[in-house]
Amino acid sequence: MGRLNERGTSTGSKAYAWLEHRLGLIKPLTEAAEHPTPSNNASWWYVFGSAATVLLLLQVVTGILLALVYSPSASEAWTSLNFLNHNVALGWYLRALHGWGSDFMIAIVLIHMVQVFLFGSYKFPRELTWIVGVVLLLLTLGMAFTGQVMRFDQDAYWGLGIGASISSRIPGIGAQLVHMVLGGPIIGGATLSRFFTLHVFVIPGLLLAGVGVHVFMVLRHGVSDWPMPGRLVRKSTYEREYHELTEKTGIPFVPDAAWKDAVFAAAILFAVMACAFFFGPFGPGGQPDPTIIQTAPKPDFAFLWIYAVLAFLPPNLETPVLLVAPVLGIAAMLLLPLIASEGERHWARRPVAVLMVSVIAVTLGIFTRLGTYTPWSPIMNAWSSDAVPVRYMHDRTPLEREGALVLQDKQCRSCHSLDGHGGLRGPELDSVASRMTEDQIVRQVLQGGGNMPAYGNALNPSETKALVSFLMTLRGDGLQPAIDASRELTHTSQVGAPASHVAGNSTLKP
Amino acid sequence: MSEFLKYPGESSNDALPPEGKAAAHTRRAFLFKLAVGMNAVVGAVLAVPLFGYLLGPAAKKKSAAGTWISIGDVADFPVGETRLAEFRSPVATFDDGETAKVSCWVRRVSAQKFQVFAINCAHLGCPVRWFSESKLFLCPCHGGAYYEDGSRASGPPERGLFEYRYKIAGNSLVIHAGDMPTLATQASCKDKPLVQIAPPTPETRSTTWEG
Ligand code: FES
């Protein structure tokens, strides 16, 4: 038995020797894995990069499996996704894994980036590692956008329209660029084919190569040591200090530090699996038929904030902001390590960095939140589905009730809410008469202004009269009606008309 | 030197270290540079068709995209109303499936006068919907609104709706369609400037209603 074992091991080591003599990779890779790293960075804060890599591998594997069935053709893509969901065994689960994997990957990449930024790890000598990392972030977002196009449904179709419209704003080459993005004059088969090529060949190739370079540089310079307040990075001394630290406190990366990476990666994979299992795949939504216009297109989660920003930009700033802001943002991220390559690393000594992260995170959070419920979008069916609350109809004159009818009929509720129902684009109307005088309401309705279209052409005088008299009854909980402070002064000269106004107003009891 | 190690290019430099050899062999260095140059030339020539293929869609002449296409009988569009019409894009190819379908809003102003609006919002291309009661086109994406004549009413769009050129041929309404309408590839570029911010039409009736 002992002899057999011995022979077994000797055969094994012989085979290893044979392989390694020819391959020559096993030893250097093992050495790289076991390289000593300062013990202070064997921390749970240092696990995000490896988790992102593991998620990338998950995406590659699930992507390849999906490509076995998916048909990248404008006439078949949507059907093939439904086929995957319903007819292919576990097809739904693979789609769910790929979809959730992509959301997790974006989240982990962002967290990784924030951690590296707050720890000042992008400073000398790891500037290029950061720059490659920024490129990897952009490629990841590129995968997310092209991936959304792969789910060739209504949202994907109109999302492409938004992409084309943004490209069309670039001065000079707008038209050519639209044709380049779409692969032709319209969104169609050629468009899907080129996004498929990007999503499956071009970007993944760049992404894998970039991750290779990124990891190579991490090994070359070592994982950054834990930042200490007051310990400054200087180009002249940093590398020597890092080496001394590694010699004094070094532990082998595998297994002493890497066990945390492995635990976290497993947890993240499990989280993706659980989300995929419990929440299922994303879509596909409605079929990509552009004649079905009863739709409110929305981008995927990662791009909701952009969608929200686009709703708030004033028209004359739109093109400049759309074209300049991304360039500035990306340039700032790329140049950051070159501008701040030395100095303090610890977040406690870098208040501006902490402030920037907080402000950006809160801003993105707010815009994403707004993007989930799109308060700027008209509720297109509110006029026929949400009735005027009954209490607003009690004790009203026939004219006022007629006005309520006008309000519903003319679709005011698309943008204005009553009792919490209706659009949020314009102000709620429950207490409009306590904010605006009759004259102001008339002017606003007929001429529009601010964000409101003019209704002069859509209302005849009697409709306007009825509508305004109904609106004048809406004063919230018995608030005083708004008054025009200057009206008193004009009373003396206009005897008749103002008096009738006052009388009219006093009969309106809420 | 062993008999077996002779090779055709053997020279007196064989005894030098590799760097010395490279330095000494100016002929080989020259030939290598020449070969690199040849590759550059071949590569440049090869790049022409590759880039030509890649940039093909962008290179097409603007006028090439699009033709006149009928979108229905004139009688289908009552005077004073705005109706949805559908057609198959004349520039669609074999693989476009249902994405080749296009819809547009047709407003018949009078017997002979039409306005044919693109479905795509002038802001970022979402499909606008017509509301006949409030006489507005509303966009679901960011809340852009347009009046019945297509001019901008409110919201993020900086100009009115894109319009197709049209003509009446016999009994049918014919429009010129091709490119997906965007600010750069709009359906009719000549009639409207690229960026047009239409102020809301001032309404003069505000005094008469009270009387
Ligand atoms: S796309 Fe219509 S408002 Fe933005």
Side-chain angles (χ1 to χ4, degrees), chain A residues 73-76 157-158 161-162 164-166 168-169 174-180 182-190 287-291 293 295-297 310-311 313 315-316 318 376-378 380 409-411 414 425 442-443 446-449 451-458 461 464-465, chain B residues 55 57-60 62 65-66 84 86 89 91-103 119-120 123-129 131 133-136 138 140-143 145 147-148 153-158 178-180 182-185 195 197 200-203 205-206 208-210:
Chain A
S73 139
S75 46
E76 288 167 357
Y157 179 91
W158 296 108
I162 293 183
S165 302
I166 292 178
S168 80
R169 287 165 181 261
Q176 283 90 325
L177 209 64
V178 171
H179 290 154
M180 268 309 279
L182 300 184
I186 57 167
I187 300 169
Q287 62 203 87
D289 179 342
T291 59
I293 58 168
T295 173
L310 292 175
L313 281 177
N316 50 354
E318 181 115 12
W376 51 82
S377 284
M380 304 232 182
D409 239 21
K410 295 296 173 182
Q411 292 142 346
S414 298
R425 174 107 199 154
V442 172
R443 198 213 60 80
L446 294 180
Q447 297 184 7
N451 245 330
M452 180 167 163
Y455 279 77
N457 287 329
T464 312
K465 175 87 184 156
Chain B
L55 300 176
K60 265 191 211 130
K62 259 188 211 162
L84 193 64
E86 268 181 45
S89 172
V91 294
T93 57
F94 71 101
D95 188 29
D96 288 339
E98 40 190 8
T99 56
K101 296 205 267 175
V102 188
S103 33
I119 200 80
N120 302 92
H123 178 224
L124 292 174
C126 287
V128 295
R129 267 185 259 176
F131 289 86
E133 298 305 317
S134 45
K135 296 196 197 314
L136 287 175
L138 294 182
C141 279
H142 315 102
Y147 294 115
E148 59 179 337
S154 72
E158 62 248 76
D179 277 330
M180 173 197 164
T182 63
L183 285 177
T185 55
V195 174
I197 302 186
T201 22
E203 196 40 61
R205 219 164 45 196
S206 53
T208 54
W209 73 277
E210 248 178 328

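Sequence lines set the chain letters: A, B, ... in the order given, protein chains first and strands last, and positions in each chain run from 1.
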For B/Thr99 and A/Gly188, the nearest pair of non-hydrogen atoms, with its separation, is OG1-CA, 3.4 Å

Contact origin within A/Gln287 toward chain B - heavy atom pairs under 4.5 Å: both

Identify the two heavy atoms, one from B/Asp179 and one from A/His179, that lie closest to each other, and give their separation to 0.1 Å. OD1-NE2, 2.7 Å

Heavy-atom side-chain proximity of A/Ser165 to B/Leu183 below 4.5 angstrom: no

CG on B/Leu136 to OG on A/Ser414, rounded to 0.5 Å: 8.5 Å

Taking all non-hydrogen atoms of both residues into account, name the closest pair between B/Ala184 and A/Ala175 and its distance. CB-N, 3.4 Å

With chain A, which of B/Gly97, B/Pro157, B/Ser134, B/Gly125 has the greatest number of heavy-atom pairs at distances under 4.5 Å? B/Ser134

Would you mind checking which part of A/Leu177 comes under 4.5 Å of any heavy atom in chain B, side chain (CB onward), backbone (N, CA, C, O), both or neither? neither

B/Thr182 to A/Ser168 - nearest heavy-atom pair and separation: OG1-CB, 3.2 Å

Got A/Ser377 and B/Pro140 here, is their nearest side-chain heavy-atom distance under 4.5 Å? no

Between B/Ser103 and A/Pro290, the two heavy atoms sitting closest are OG-O, 3.4 Å

Validation row: B/Leu138, A/Met380 side chains within 4.5 angstrom (heavy atoms): yes

What is the distance from atom CD1 of A/Ile186 to atom NZ of B/Lys101, rounded to the nearest 0.5 Å? 13.0 Å

B/Asp95 side, atom CG; A/Glu76 side, atom CD - distance, nearest 0.5 Å: 7.5 Å

Using every non-hydrogen atom in the two residues, find where B/Gly155 and A/Pro315 come nearest and quote the distance to one decimal. O-CG, 3.7 Å

Between A/Asn451, A/Val178, A/Asp289, A/Asp409, which has the largest tally of heavy atom pairs under 4.5 Å with chain B? A/Asp289

For the backbone of A/Pro453 and the side chain of B/Tyr147, can you confirm whether one donor and one acceptor N or O come within less than 3.5 Å of each other? no

Counting C-beta onward and ignoring hydrogens, is there a side-chain heavy-atom pair between A/Pro288 and B/Glu98 closer than 4.5 Å? yes

Side chains of B/His123 and A/Glu318: closer than 4.5 Å at any heavy-atom pair? yes

Output yes when a side-chain donor or acceptor of A/Lys410 lies under 3.5 Å from a complementary backbone atom of B/Glu133, and no otherwise. yes

Contact check, side chains of A/Arg169 and B/Glu158, non-hydrogen atoms, under 4.5 Å: yes

Below 4.5 Å from any heavy atom of chain A, which atoms of B/Thr93 appear? Answer side chain, backbone, both or neither. neither

Highest number of heavy-atom pairs under 4.5 Å with chain B: which of A/Ala296, A/Pro378, A/Gly174? A/Pro378

The test is side-chain contact (heavy atoms from CB on, under 4.5 Å); show your working for B/Leu84 and A/Thr291 and say whether it passes. CA-CA 9 Å; B/Leu84 193 64; A/Thr291 59; over 6 Å; no

So for A/Thr295, is it side chain, backbone, both, or neither that comes closer than 4.5 Å to the heavy atoms of chain B? both

Would you compute the distance between atom CG of A/Leu310 and atom NE2 of B/His142 and round it to the nearest 0.5 angstrom? 5.0 Å

Heavy-atom pairs under 4.5 Å with chain A, option from B/Ala100, B/Pro127, B/Pro156, B/Ser154 with the top count: B/Pro127

Pair A/Trp158, B/Leu124 - check side-chain contact (heavy atoms from CB on, under 4.5 Å), show working. CA-CA 9 Å; A/Trp158 296 108; B/Leu124 292 174; over 6 Å; no

